[in-house]
Amino acid sequence: MFRIARQLVAALAILVGVLALGTTAASAHATLESSSPADGQSVLTSPSEIRITFSEAVTTISGGLSVLDADGKTIDTGNSEIVDGRTLVAPISESLSDGTYVATYRVLSADGHPVSGSLLFGVGEGALDRSALPSSNGDRLWEIIGGISRFIIYLAALVAAGVAFFLAFIHDRAEDRWRIVPFVRIGSILALFSAIGIVMSQAALLTGKGAGAVTDSTVLRDVLNQNLGWSLALLMIGLAAVHLSTDIAKKMVSQSLALSGGLAVTVSFAVWGHATELSPTAISLAANAIHATAAALWLGGLVGLVMVLSLRAPETVRSTAGIIGRFSLVAFWSVIALTIAGLTLTITGSDASLNSILTTTWGQLILAKIGLTLIVVLIAAWNRRKLVPSLITPTEDTSELAVRWATLLRTIRAEAVLLVAVIALTAIVVNVPPARTAVVATTDRVDTTQRVDTGTVQLSVDPAIVGPNTVAVRYADETGQPVNVANSMSIEFSQPSAGLEPITRQVPASEPGVFVIQGNELSIPGTWTITIAVRTGDFTEQRTSFEVSVRR
Ligand code: HEM
């Protein structure tokens with residue numbers, strides 16, 4: 001059993017790496033909603049500013065937006081700022097010559113995740129040079145470092161807090177406690193080093209300047225000025241308290257330090273991350289803190305008990321029975337609290353939508369967590385109902401006693417290893433968008449622009465997946481400003497290759513130069529021809545056709 005559990009953890013470690021490698025800007029939590037110029041749009045004269053609107057509130061440090069031309073030369077963008085909480089605006093102080101440009105943004109999502117990406121726009125006539133887009137912005141390594149640091153910090157801090165509780169409340173204060181104390185001390189120190197890893201990865205992801213970013217005091221101040229700063233401060237205070245609890249001989253003082261320090265550690269996790277942005281916020285934050293506290297008690301108890309059973313002989317079963325009984329009680333209530341709080345977080349993270357749990361990476365990882373937890377619970381239940389009672393029943397048969405003792409040690413070791421696997425999954429879960437955000441972000445949205453007599457016409461089809469779609473048409477002048485071409489237009493949807501007759505719709509302008517229609521016209525997959533016709537005069541009509549690929 002122990003070997004299987006170890007192999008599972010190894011497989012999960014590989015999974016962490018693979019998933020971290022697969023993480024792209026799309027896994028960030030605020031998504032790009034619109035921009036001016038739009039991604040892929042060409043404007044006829046140099047824009048005076050770049051505006052990027054995100055799906056939720058963002059903040060920015062160290063610039064936020066940079067613009068390069070197709071040769072990689074930096075364009076002077078002055079200071080970018082956030083307006084309306086979620087729109088990044090950067091002035092362009094020089095006149096851009098005709099050509100292709102790449103705007104790269106780096107902002108911080110409200111839940112503390114760095115979001116970065118690039119968009120392409122053109123000035124003047126001519127096709128856009130798609131090769132100007134960077135193939136990778138070098139963030140992947142920092143995402144992996146951030147993920148691994150998160151895993152170590154969870155594991156080390158939960159073990160430190162949980163084992164400190166075990167020593168203060170469950171252990172019998174016998175001499176072998178000194179062989180268990182190192183788990184608290186080494187755990188605290190490891191968590192401290194991992195915190196440095198998290199700060200470095202946040203600084204690198206937010207600035208794009210790699211490891212050097214952390215040496216810049218402005219960047220460091222900005223990174224720690226977020227919820228992350230509060231979370232790490234609380235974590236450090238908590239770790240110091242649990243560390244101290246193992247040095248103090250007075251039982252009451254040691255217990256108070258272990259309890260308050262442990263709570264500070266587990267609450268620190270809730271202060272930074274998804275729970276701060278899930279609603280109802282108070283319920284999500286409370287559930288998160290309870291979940292992490294129960295995880296620490298369970299994991300720390302298992303580690304403590306593994307040590308006790310390894311250090312003591314089966315013949316000590318009478319004196320050790322008290323420890324086993326107290327652990328069993330704490331573990332029982334911890335599992336109940338952990339499950340209720342975990343399911344509450346699952347509901348707030350998915351808007352209680354079973355579909356979003358089944359179809360998103362976040363939801364599938366949570367299901368995997370539930371599956372693994374269930375295996376641990378079944379082992380624990382068997383231990384509690386069968387093995388422990390038989391172990392503490394007096395018997396003269398010492399070899400039978402030794403077998404039961406060894407079986408208990410083996411099974412709780414396997415439980416502990418499986419919980420480490422659950423924590424590895426958790427380190428991935430907290431880095432992917434929660435199901436409720438991810439579902440909204442599932443789109444193959446198409447944005448395409450063409451030049452017309454009045455300037456440009458941009459067509460957006462969202463999500464460009466068979467079924468209901470929003471089709472938006474925007475007429476703009478040479479600078480990208482809206483042009484009031486007509487009060488209404490007609491739009492034709494056809495798929496000549498499938499022999500479909502054109503479906504025509506009349507669409508009134510929702511605002512000057514903007515026409516929006518929502519419907520089920522894009523009913524089969526394939527390449528659709530969308531033709532827009534506007535009457536620009538009594539006898540003149542401007543027709544523009546686009547080819548749009550729609551998937552199933
Ligand atoms: C019934 C089983 C479980 C369920 C349904 C569950 C669910 C969840 C959910 C939904 C989250 C929030 C993820 C996010 O922020 O995006 C979470 C976080 C977490 N879970 Fe679990 N979980 C379960 C079992 C466990 C176990 C067995 C452990 C460890 C022993 C654990 C440790 C954690 C930790 C450390 C966090 C992160 C807390 C934070 O950073 O705020 N979970 N869990």
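If you read the sequence from its start, that first residue is 1, and numbering goes on from there. Indexing begins at 1, ligand by ligand and atom by atom, following the structure's order.
- Atoms of ligand 1 lying under 4.0 Å from any heavy atom of Trp362, numbered from 1 in the order shown and given with element: 10 (C), 14 (C), 16 (O).
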(message) Show, in sequence, the C-alpha distance, side-chain angles and deciding distance for Phe166 and Phe183, and conclude whether the ring-ring contact (aromatic ring centres under 6.0 Å, His included) test is met.
(response) CA-CA 11 Å; Phe166 177 87; Phe183 280 90; over 10 Å; no
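- Checked against a 3.5 angstrom limit, the closest N/O atoms of Thr373 and ligand 1 fall outside it.
- Annotation for ligand 1: atoms under 4.0 Å from non-hydrogen atoms of Leu419 are 27 (C).
- A donor and an acceptor atom, one from each side chain of Asn383 and Thr411, are located under 3.5 Å apart.
- Atom 21 (Fe) of ligand 1 has no N, O or S atom of Val429 inside 2.8 Å of it.
- In this structure, Arg384 is positioned above the aromatic face of Phe332, its NZ or CZ under 6.0 Å from the six-membered ring centre and within 45° of the axis.
- Among all protein heavy atoms, the one lying closest to atom 36 (C) of ligand 1 is Thr426 CG2, 3.2 Å.
- In terms of protein heavy-atom proximity, atom 20 (N) of ligand 1 is nearest to Lys369 NZ, 2.7 Å.
- Summarising the local packing, CZ of Arg173 is surrounded by more than 12 heavy atoms from other residues, nucleotides or ligands at distances under 6.0 Å.
- Note: an N/O pair closer than 3.5 Å links His291 and ligand 1 by distance alone.
- Counting only heavy atoms of the protein, atom 7 (C) of ligand 1 lies nearest to Gly342 O, 3.6 Å.
- Between Ser66 and Thr104, the side chains place no donor N or O within less than 3.5 Å of an acceptor N or O (distance only, hydrogens not considered).
- Of the listed options Val376, Leu345, Val377, Leu345 places a heavy atom closest to atom 11 (C) of ligand 1.
- Comment: Asp216 does not engage Arg221 in a salt bridge, judged by the lack of any side-chain N to carboxylate O separation of less than 4.0 angstrom.
- Taking every heavy atom of Val422 and a limit of under 4.0 angstrom, the matching atoms of ligand 1 come to 25 (C), 26 (C), 27 (C), 28 (C).
- Asp139 and Ser116 are linked by a side-chain donor-acceptor pair at a separation below 3.5 angstrom, with hydrogens and angles left out of the test.
- In this structure, Arg51 does not pair ionically with Asp84, as no charged nitrogen and carboxylate oxygen lie closer than 4.0 Å.
- Of the N or O atoms in His274, one or more lie within a sub-3.5 Å distance of an N or O in ligand 1.
- Side-chain atoms of Ser254 and Ser245 form no donor-acceptor pair, as typed in the model, at a separation below 3.5 Å.
- With respect to Arg177 and Asp247, no salt bridge is recorded, no charged nitrogen being found less than 4.0 Å from a carboxylate O.
- The ligand atoms of ligand 1 that sit less than 4.0 angstrom from a heavy atom of Ala295 are 29 (C), 30 (C).
- Residue contacts with ligand 1 for Leu374 are absent, since no atom lies close enough (heavy atoms, distance under 4.0 Å).
- With a 4.0 Å cut-off on non-hydrogen atoms, Ile366 touches ligand 1 through its side chain and not its backbone.
- Looking only at atom types and distance, the side chain of Ser194 has no donor-acceptor partner in the side chain of Ser149 under 3.5 Å away.
- Ring orientation note: the planes of Tyr154 and Phe269 are nearly perpendicular, at an angle over 60° on the 30°/60° scale.
- If you number the atoms of ligand 1 from 1 as listed, the ones under 4.0 Å from a heavy atom of Ile370 come out as 5 (C).
- Close approach of ligand 1 to Phe269 (heavy-atom distance below 4.0 Å) involves ligand atoms 39 (C), 40 (O), 41 (O).
- The shortest N or O to N or O distance between Leu158 and ligand 1 is not below 3.5 Å.
- At least one N or O atom of Asn288, backbone or side chain, sits closer than 3.5 Å to an N or O atom of ligand 1.
- What sits closest to atom 40 (O) of ligand 1 on the protein, heavy atoms only, is Tyr154 OH, 2.5 Å.
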